Amino acid sequence: MAKYKFIKDQFGENCSVRYEENGHSYSFVIKGLDYTSNTEYIKYKEWLDAGNTTDPAD
Amino acid sequence: MSTLKVDNIRHNNATSDAITMASDGTCAAKITSVGGGPLSHRNYFINGNTIIWQRGTSNPNVNNYGCDRWWFANGATRVDRSTVVPDGFAYSMKVTSNGSTTSIGQPIELIDTGRSQFEPNATYTLSFYARTDSGTNNISGTVYYRNSKFNNTNQVNWSPVSQNMGTMTTTFQRFSKTFTAPAAPNANNTVLAIEFNNTATYYITGMQFERGDTMTAYEHRSFGDELARCKRYYHCVYRRGASSDGNLSIGALGSLYTGNSLYIDMTFPTQMRTTPTLEAPTATDRFNCCPTTCIDFGNPSLIHGQKNAVTLNATLQSGNTAGRVGNVFAKTANWTEGEKLAFTAEL
């Protein structure tokens, strides 16, 4: 199981990712406006660039 | 009527002028207070007097943040809100140290990537009130432009980059040093990172970073003003304290896209710095939605978003009819202390 998992929207597209830590989930979008400066997205991008793969959505 | 004609005004024991006259009839003055009160729009720090604690007041730690806008790291094992304060302040931040280098700081957002609001080669003064829990300890201040607060790639130092601000004792003192801005930030810098480092447990409040070489009276802003500024970076809708708050509105309406797929639209009171991250409890019984009857749900995900508004998605525990809408509540009796529904756009 990877750290991150995709979330699909009502159109069936992977629109955000989430992970869980200490009883809380953290989710953020990966498309749209003004998301690339989100520090969680930046960490996620670094994780992807290190060769990791996001788990598919349910 | 008479006119006092002088070039400058200086106290007998001072080494520089308090008022410097110009030949065009104007003057520059080093005013540190007005009638004992502060000047306004001076302080570049947000929540410098540590009054906003949206994440909680007892050792909150969400991605290194406790007190709003102030991160802690390295030997700082916890931060707590404290009423051990100098006169004129309501709260301080107690920073507990494990004895190694203990760091706190605030990243000041630049106007845009590589675009600074700080004047090139100009002086700025860093000041704060601090005391130790016991004994004495030196505290340093560090100022530099960075790509992000913990990333030294493309770091551009101010001059000097770091200074010993002084020696803390068990009595509050106000410390102050002046730093000079470099000619420009790097094109990839996004923050002016300001840090304090020491090696002891201590109390700190009244942090101020202001233009000029002179420390002025601390600029107190209203609670509402500081909270609104903090909410650009962190917006807590609800955080459960020690006791339940009953069924609490989260200020949003839910609509059923299918019989059990719930979409919740929320707007923010302040535009956030970036499209934020949702933080929510993973348990499945923390909320309910009431289209015709109240149905539990939990573990929402952020599914669409921008800086002003977001849409969350969650699955209801039992089905209803697609197309219906209902009020959404936090069932806070089911929450445990410290669980929160919040959005973060911190630097």
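A note on names: the letters A, B, ... follow the listed sequences, proteins ahead of strands, and every chain is numbered from 1. On a predicted model such as this, the values are computed, not experimentally measured, just so you know.
- For B/K340 against A/H24, the heavy-atom pair with the smallest separation is N-NE2, 3.0 Å.
- Checked against side chain to side chain donor-acceptor pair (under 3.5 Å), B/T96 has no partners two or more places apart in sequence or in another chain.
- For the atom pair A/T39 OG1 and B/N64 CG, the distance stands at 10.5 Å (nearest 0.5 Å).
- For a residue to count as touching a neighbouring chain, one of its non-hydrogen atoms must lie under 4.5 Å from one of that chain's; by this rule B/A345 does not touch chain A.
- How far CZ of A/F28 is from CG of B/L278: 11.5 Å, rounded to the nearest 0.5 Å.
- Inspection of non-hydrogen atoms places B/Y263, B/R273, B/T274 of residues 263-274 of chain B under 4.5 Å from chain A.
- Using a 4.5 Å cut-off between heavy atoms, B/L347 contacts chain A through its backbone alone, with no side-chain atom that close.
- Only the side chain of A/K43 comes within less than 4.5 Å of a heavy atom of chain B; its backbone N, CA, C and O stay farther away.
- In this structure, CD1 in B/I303 is found 11.0 Å from CZ in A/R18, a value given to the nearest 0.5 Å.
- Without hydrogens or angle criteria, A/S27 side chain to B/P300 main chain gives no donor-acceptor distance under 3.5 Å.
- Under the salt bridge (charged side-chain N to carboxylate O under 4.0 Å, His left out) criterion, B/D80 pairs with B/R78, not counting sequence neighbours.
- Of the inter-residue distances, the one linking B/T275 atom OG1 with A/I30 atom CD1 reads 12.5 Å to the nearest 0.5 angstrom.
- Summarising the local packing, NZ of A/K45 is surrounded by 12 or fewer heavy atoms from other residues, nucleotides or ligands at distances under 6.0 Å.
- Rounded to the nearest 0.5 Å, atoms OG1 (B/T311) and CG (A/D9) are 10.0 Å apart.
- When heavy atoms are compared at a cutoff of 4.5 Å, B/E279 approaches chain A by way of both its backbone and its side chain.
- Applying the side chain to side chain donor-acceptor pair (under 3.5 Å) test to B/N154 and every residue at least two apart in sequence or in another chain returns nothing.
- The shortest non-hydrogen separation linking B/G305 to A/V29 is N-CG1, 3.7 Å.
- Separation of atoms CG (A/L33) and CG (B/N308) is listed at 10.0 Å; rounding is to 0.5 Å.
- Only one option out of B/T277, B/N63, B/T344 pairs with A/E40 in a side-chain hydrogen bond (donor to acceptor under 3.5 Å, both in side chains); it is B/N63.
- Contact count versus chain A (heavy atoms, under 4.5 Å) is highest, among B/T258, B/L302, B/T190, for B/L302.
- Contacts between A/Q10 and chain B at a heavy-atom distance below 4.5 Å involve backbone atoms as well as side-chain atoms.
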